[in-house]
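Worksheet for the structure shown next.
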Amino acid sequence: MKPAVVLLVSTAWTLTSAQYYYQGLMDYLENRLLAIEDRMEMWHVQSHRYHTELQDFSKLTAETMDGIRKDHKVIHKDLEGAAARVEHVEREMDYVETQTSPRACVRKADKVLEQGAWSVEERREEEEEEEDWEKVHSVSDCVDIISSIKSVKILKRVGSPKGMWTKDPRSSKVYVFNGTAGDRVYQFTSVLDFSTSPGVSSSRQIRLPSVWSGPGSAVYNGYLYYINHEDDTDMQVVKFDLLGGSVTDITIFPVESHAPVYSLNPETVADLVADDEGLWLLYATSDSEPNINLAKMDSDTLDIEQMWDTSCPRENAEAAFIICGTVYVVYNTRLASRSRVQCVFDVNDVLVSEEAPLLYFPRRYGAHASLKYNPEEKQLYGWDDGYQIIYRLSMKRKLLI
Ligand SMILES: *[C@@H]1O[C@H](CO)[C@@H](O)[C@H](O)[C@H]1NC(C)=O
């Protein structure tokens with residue numbers, strides 16, 4: 001009996017303790033569930049808020065987009081209006097141009113047809129008009145300007161550090177002027193003859209009746225043009241027939257002093273250029289005049305036709321050359337660095353300095369004593385510290401107005 005009671009009691013006890021255990025577990029689970037519910041509720045509220053906020057935002061975006069679209073339409077319309085106005089102005093410009101373009105020849109021809117017979121006076125007026133027009137617009141007829149220096153060829157080294165060499169475009173003969181003054185010129189039959197001959201021994205020596213002053217001579221079509229400017233004499237331009245061996249003309253050029261045209265080459269009293277368009281002279285009027293001056297001369301008679309102030313400074317100028325009526329002035333520094341074309345003057349006023357390319361010469365030994373342009377070959381004959389150098393140039397066409 002006793003063990004049965006003990007069992008019963010112990011079972012009851014076990015039961016109650018189990019009940020407690022489960023009750024606690026249930027409470028715990030319930031609490032957890034409540035907490036989860038609370039969090040779910042909170043999450044629900046939050047997500048609802050987010051949702052409405054998102055809705056508001058998308059509404060706002062849609063409105064803004066609408067506004068932008070409307071603005072865009074307005075801008076587009078404005079632009080269309082502006083384009084139409086530009087077109088209108090362009091048409092007006094075209095019209096003005098056709099009214100004012102200098103087509104003297106065309107108009108003259110029209111008049112001949114219209115009027116048939118002219119009075120002599122009218123005709124003369126018309127001709128004068130045309131002459132003026134010619135003078136203003138076509139001092140130079142060709143239209144090449146330099147675009148770059150294509151290549152350089154160092155031919156040989158002969159003579160003094162300073163000197164000049166050039167080739168007659170018409171005869172292909174080469175002329176060498178050694179030093180900065182003299183009465184002798186060396187003539188070679190070709191560039192090849194010059195480059196293969198030892199020194200100047202195989203050349204034909206030409207004795208001049210007077211001294212050439214400075215490396216600024218020019219040879220064109222069998223004639224040598226040189227400057228004679230010795231102490232206490234006027235500056236002369238001499239034309240010498242290389243074939244006949246005699247002076248054919250002399251003119252006095254009106255300058256006040258011995259001021260050199262290029263400050264870095266004080267021996268160059270003036271620089272002559274001869275080409276298809278005649279004879280050009282680069283010179284300085286006086287010591288106080290800071291710019292290089294240019295004169296156009298008749299190559300037959302040595303008459304002075306026109307004079308310009310190029311507004312290119314003489315200071316730090318080393319040399320200059322002329323292509324199609326455009327003067328290119330080459331500058332350097334006293335301690336020779338790289339030569340560069342830094343000033344340009346166009347007698348036709350088509351090309352301005354700002355538009356011309358700043359052109360650098362390849363690195364060299366010293367400084368150019370002279371640079372002579374050959375229009376047939378489009379290359380420069382340079383004398384650089386006793387080296388004879390050929391620069392080949394690339395050309396482009398001048399933009400004509
Ligand atoms: C060039 O001239 C210099 C003097 O200026 C002279 O010493 C030299 O011999 C001349 N050279 C030639 C090749 O004539």
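Starting from 1, each residue takes its place in the sequence as its number. Order of appearance sets the numbers: ligands from 1, and atoms from 1 within every ligand.
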query = Got a protein heavy atom sitting under 4.0 Å from atom 11 (N) of ligand 1?
reply = yes
remark   = Taking only non-hydrogen atoms of V200 and a 4.0 Å limit, the atoms of ligand 1 in range are 13 (C)
query = With a distance cut-off below 6.0 Å to the six-membered ring centre and an angular limit of 45° from the axis, does K156 pair with F194 as a cation-pi contact?
reply = yes
key: Of the listed options V176, T180, N178, closest to atom 14 (O) of ligand 1 (non-hydrogen atoms)   = N178
key: Ion pair check, D27 and R32, cut-off under 4.0 Å   = no
ask   = Does ligand 1 have any atom sitting under 4.0 Å from a heavy atom of S160?
value = yes
key: Within-4.5 Å side-chain heavy-atom neighbours: F321 and V273   = no
inquiry  = Taking the cut-offs as 6.0 angstrom to the six-membered ring centre and 45 degrees off its axis, would you call K239 and Y223 a cation-pi pair?
reply    = yes
